[in-house]
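Inspection log for the structure reproduced underneath, given as structure tokens.
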Amino acid sequence: MVISSKGRYALRVMVYLAVNHDGSFIPLKEISQHEELSQKYLESIATVLSKGHLIEAASGHKGGYHLSRKPEEYSIGEVLRMTEGSLAPVACLKEDAGHCDQADLCYTLPIWQGLADLINNYFDNMTLADVAGKAEKTVKE
């Protein structure tokens, strides 16, 4: 499993919104400039996050994006699954994988399932608030 730039940048957008979580809408241009990321690419990521109801969008003069919920109500796993799909380390464990005829005989399947469990537990037990708190500390130091 490799997390793509889409997933990494989505997390950066979400952390930025969490650090600046005061209910106001933040323009994508501001996020793009602060994070030094392509605004065009962030527009496509913001669309995915918005359609997934992770962020809310507003257009116009005071438009932009903000979190739909409190930062502590998001898991990092939720954000990554929204942008990456499955976090499975091997193809046979992806949700859309068909049944493997060799699954009952596969000696390595428990290894991959164990790794998948570790990955999911790690990301699902870390909240956006956890990451934002560390980001705020780093900025203040």
Side-chain angles (χ1 to χ4, degrees), residues 1-104 106-141:
M1 172 201 69
V2 174
I3 304 295
S4 70
S5 60
K6 186 176 185 179
R8 294 191 321 269
Y9 293 178
L11 279 176
R12 289 173 64 181
V13 168
M14 295 295 287
V15 170
Y16 189 87
L17 293 174
V19 167
N20 298 286
H21 183 66
D22 63 2
S24 63
F25 288 90
I26 299 173
L28 203 56
K29 182 177 182 178
E30 176 184 326
I31 300 168
S32 171
Q33 289 173 341
H34 185 271
E35 294 297 316
E36 298 180 356
L37 299 171
S38 161
Q39 185 173 340
K40 185 97 170 138
Y41 193 34
L42 290 187
E43 287 170 3
S44 67
I45 292 170
T47 299
V48 170
L49 296 173
S50 182
K51 285 183 180 178
H53 306 291
L54 298 185
I55 62 175
E56 294 177 357
S59 56
H61 175 64
K62 299 249 182 188
Y65 296 91
H66 71 190
L67 298 177
S68 301
R69 308 185 306 255
K70 296 176 184 171
E72 58 271 13
E73 295 175 2
Y74 294 88
S75 76
I76 297 304
E78 174 184 18
V79 176
L80 287 174
R81 280 186 210 90
M82 180 65 58
T83 54
E84 297 292 321
S86 173
L87 298 176
V90 291
C92 63
L93 291 178
K94 291 184 177 183
E95 291 176 15
D96 60 355
H99 176 72
C100 174
D101 294 335
Q102 299 298 314
D104 294 337
C106 183
Y107 300 120
T108 62
L109 186 59
I111 295 168
W112 306 126
Q113 185 60 60
L115 179 58
D117 293 344
L118 287 171
I119 291 167
N120 285 305
N121 287 332
Y122 179 74
F123 288 133
D124 289 341
N125 288 303
M126 185 184 313
T127 69
L128 194 54
D130 296 333
V131 179
K134 291 176 186 172
E136 285 178 326
K137 262 186 174 174
T138 303
V139 170
K140 290 179 183 176
E141 291 176 348

Let me check something: any side-chain donor-acceptor pairs from residues 46-57 under 3.5 Å, sequence neighbours excluded? List them with distances.
| residue | atom | partner | partner atom | Å |
| --- | --- | --- | --- | --- |
| Thr47 | OG1 | Glu43 | O | 2.9 |
| Glu56 | OE1 | His66 | NE2 | 3.0 |

Rounding to 0.5 Å, atoms CD1 (Ile76) and CG (Asp124) come to a distance of 10.0 Å
Table please: side-chain donor-acceptor pairs of residues 8-15 below 3.5 Å, with sequence neighbours left out.
| residue | atom | partner | partner atom | Å |
| --- | --- | --- | --- | --- |
| Arg8 | NH1 | Ile3 | O | 3.1 |
| Arg12 | NE | Glu35 | OE1 | 3.0 |
| Arg12 | NH2 | Glu35 | O | 2.5 |
| Arg12 | NH2 | Glu35 | OE1 | 3.3 |

Side chain to side chain contact (heavy atoms under 4.5 Å, CB included) between Lys6 and Tyr41, intermediate numbers included
CA-CA 8 Å; Lys6 186 176 185 179; Tyr41 193 34; 3.4 Å; yes
Between the CD1 atom in Ile119 and the OH atom in Tyr122, the distance rounded to the nearest 0.5 Å is 11.5 Å
Can you give me every donor-acceptor pair (side chain of residues 21-33, partner residue at least two apart or in another chain, under 3.5 Å) with its distance?
| residue | atom | partner | partner atom | Å |
| --- | --- | --- | --- | --- |
| Asp22 | OD1 | Ser24 | N | 2.9 |
| Asp22 | OD1 | Ser24 | OG | 2.6 |
| Glu30 | OE2 | Tyr16 | OH | 2.6 |
| Ser32 | OG | Leu37 | O | 2.4 |
| Ser32 | OG | Gln39 | N | 3.3 |

Note: Val2 and Glu84 closest approach over all heavy atoms is O-OE1, 4.0 Å
Looking only at heavy atoms, the pair that brings Pro89 and Leu115 closest together is CB-CD2, 3.7 Å
Evaluate side chain to side chain contact (heavy atoms under 4.5 Å, CB included) for Leu67 paired with Leu128, printing each intermediate quantity in order. CA-CA 11 Å; Leu67 298 177; Leu128 194 54; 4.1 Å; yes
Flag, side chain of Ser75 to backbone of Glu78, donor-acceptor distance under 3.5 Å: yes
